[in-house]
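Report on the following structure.
One-based numbering, in listed order, for ligands and for the atoms of each. Position 1 is the first residue of the sequence; numbering continues from there.
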Amino acid sequence: MTAALSPPIVIERSFSLHRNHTLKDMENIFQLVRNVIPPLTGKRHKGQDGRIGIVGGCREYTGAPYFAAITALKVGADLSHVFCTKDAATVIKSYSPELIVHPVLDSPNAVHEVDKWLPRLHSVVIGPGLGRDEALLENAKAIIEKSKLKGIPIIIDADGLWIISQQPSLIQGYQRAILTPNYMEFSRLYEAMLRDPVDSSDHHGCVLRLSQALGNLTVVQKGERDLISDGEKVLVCSHEGSSRRCGGQGDLLSGSLGVLAHWAFLAGAEKTNGQNPFLVAAFGACSLTRQCNNQAFQKFGRSMTASDMVSEVGTAFSKLFET
Ligand SMILES: NC(=O)C1=CN([C@@H]2O[C@H](COP(=O)(O)OP(=O)(O)OC[C@H]3O[C@@H](n4cnc5c(N)ncnc54)[C@H](OP(=O)(O)O)[C@@H]3O)[C@@H](O)[C@H]2O)[C@@H](O)CC1
Ligand SMILES: Nc1ncnc2c1ncn2[C@@H]1O[C@H](COP(=O)(O)OP(=O)(O)OP(=O)(O)O)[C@@H](O)[C@H]1O
Ligand SMILES: [Mg+2]
């Protein structure tokens, strides 16, 4: 289905009394997110609720992969692996004993070292804190290829999106990919694919067209309102966050999406009521990140940082999805 044949279904949170039907749609999507969350029972073994890989972390950036990986755990994954450079590994380990950290990304056999783990991973997040070093970008490209071959859901963020804007064919048509661009990253991708600048009067159309041009993979355009599209629909998440824009919030989003994408994908069409599971997962991750922001801001105001948001993941998740 294309936009030309049928107008996109736009689901938007609204508090207007005239838009009760859209409020109902929103609640329905929240319900779909709830449906895909695995129940906590005594019958499950360690690993079943998610083994997530984060590919990123270099000399300059150690916070970003940490935020993504710890958020994946706090959302409910059982194991969170970070594949980073040797320099970054000890630093990231020292932030948290919970993370499994592989200092392989700048080694000569980096791709082989990550590939060994891929059969055990349920999803991979490529890019937080990866940096722009050519050799690291080449390794990340090869890891994307290997992940595609295994059919693993791939979340691409930050410098991973830099790779895609240089070489869109790497991910084009792989519908188990979710891209999470911020403002700049979206502009780069859009110009690379559509050969036109972003039309600032038509954000919905732009995200829809970018998804279509990439072969209907899921695009999450982050911003004041998050726009989520698979080229057929555009979901809008304007769940209340705050006006605090400290770095690292996007990393919480990509880490939580790593888990939710796995859960939604595994749950199957019945649980998502026939909706694209990656749209459901993305809506869940955006709402959760914004809820963490909201709660942390209420406590810390201007001094709020991404770490304060990480501390809110548990209560934010319960509030949104377990009440
Ligand atoms: N603690 C850590 O380790 C963290 C590490 N991180 C890691 O850093 C790496 C680079 O990622 P990134 O996001 O900084 O890079 P990029 O895409 O070039 O964007 C920056 C440019 O975008 C612009 N800009 C942004 N928003 C805009 C807007 N709304 N409207 C307009 N402009 C806007 C902004 O423009 P400026 O304000 O400077 O003019 C700026 O130039 C990556 O690896 C990431 O994971 C981060 O995750 C944070 C925590
Ligand atoms: N103006 C805004 N108002 C409210 N929420 C916002 C706003 N801009 C971004 N967000 C939220 O912040 C989160 C991160 O988006 P952002 O655009 O800051 O990502 P990013 O630049 O990749 O972050 P990072 O610093 O982690 O790289 C998303 O959940 C998004 O919904
Ligand atoms: Mg980012």
Anything under 30° is parallel, anything over 60° is perpendicular, the rest tilted; go ahead and classify Phe30 against Phe321.
-> tilted
For ligand 2, which atoms, with element, lie under 4.0 Å from some heavy atom of Gly248?
-> 24 (P), 25 (O), 26 (O)
Extract all N/O-N/O pairs under 3.5 Å that connect ligand 1 to the protein, and present each with both atom names and the distance rounded to 0.1 Å.
| residue | atom | partner | partner atom | Å |
| --- | --- | --- | --- | --- |
| ligand 1 | 3 (O) | Gly63 | N | 3.2 |
| ligand 1 | 3 (O) | Ala64 | N | 3.1 |
| ligand 1 | 13 (O) | Asn182 | ND2 | 3.3 |
| ligand 1 | 17 (O) | Glu185 | OE2 | 3.4 |
| ligand 1 | 18 (O) | Arg188 | NH2 | 3.2 |
| ligand 1 | 43 (O) | Gly129 | N | 3.1 |
| ligand 1 | 43 (O) | Asp159 | OD2 | 2.4 |
| ligand 1 | 45 (O) | Gly129 | N | 2.9 |
| ligand 1 | 47 (O) | Asp251 | OD1 | 3.2 |
| ligand 1 | 47 (O) | Asp251 | OD2 | 2.8 |

Can you find a protein heavy atom under 4.0 Å from atom 20 (P) of ligand 2?
-> yes
Distance filter under 4.0 Å to Gly247 heavy atoms, resulting ligand 2 atoms | 25 (O)
Under 4.5 Å between any side-chain heavy atoms of Thr90 and Val101, yes or no?
-> no
With Leu179, the side chain to side chain contact (heavy atoms under 4.5 Å, CB included) member among Asp157, Thr218, Leu214 | Leu214
Checking heavy atoms under 4.0 Å, the part of Asp226 that sits near ligand 2 is side chain
Is there side-chain contact between Val236 and Asp226, with at least one heavy-atom pair below 4.5 Å?
-> no
Is there at least one pair of N or O atoms, one from Arg290 and one from ligand 2, spaced under 3.5 Å apart?
-> yes
Atom 26 (O) of ligand 2 sits nearest the protein heavy atom Gly250 N, 2.8 Å
Which residue owns the protein heavy atom closest to atom 9 (C) of ligand 2, what's the atom, and how far is it?
-> Gly223 O, 3.5 Å
Atom 4 (C) of ligand 2: which protein heavy atom is closest, and how many Å away?
-> Arg245 NH1, 3.4 Å
Ligand 2 atoms nearer than 4.0 angstrom to some heavy atom of Asn182 are 17 (O), 19 (O), 20 (P), 21 (O), 22 (O)
CG-CZ distance between Leu320 and Arg290, expressed to the nearest 0.5 angstrom = 12.0 Å
Side chains of Leu217 and Ile178: does their closest heavy-atom pair fall under 4.5 Å?
-> no
Considering only the protein, which heavy-atom contact is closest to atom 13 (C) of ligand 2, and what is its distance?
-> Gln249 CB, 3.9 Å
Any luck finding a side-chain donor-acceptor pair between Asn216 and Asp230 under 3.5 Å?
-> no
Kindly give the heavy-atom pair with the smallest separation between Ala158 and Gly127, and that separation in Å.
-> CB-O, 3.6 Å
Per atom 1 (N) of ligand 2, closest listed option by heavy atom (Glu224, Lys222, Gln291) = Glu224
In ligand 2, which numbered atoms sit nearer than 4.0 Å to a non-hydrogen atom of Thr289?
-> 29 (O)
Exactly one candidate in Ile228, Val219, Leu235 meets side chain to side chain contact (heavy atoms under 4.5 Å, CB included) with Val207; the answer is Val219
Does Lys299 reach the side chain of Asp308, with side-chain heavy atoms less than 4.5 Å apart?
-> no
Given side chains that start at C-beta, do those of Gln249 and Asn293 come closer than 4.5 Å, heavy atoms only?
-> yes
Any idea which atoms of ligand 2 are less than 4.0 Å away from a heavy-atom of Asp251?
-> 26 (O)
Should the pair Phe317 and Trp263 be assigned to parallel (<30°), tilted (30 to 60°) or perpendicular (>60°) ring geometry?
-> perpendicular
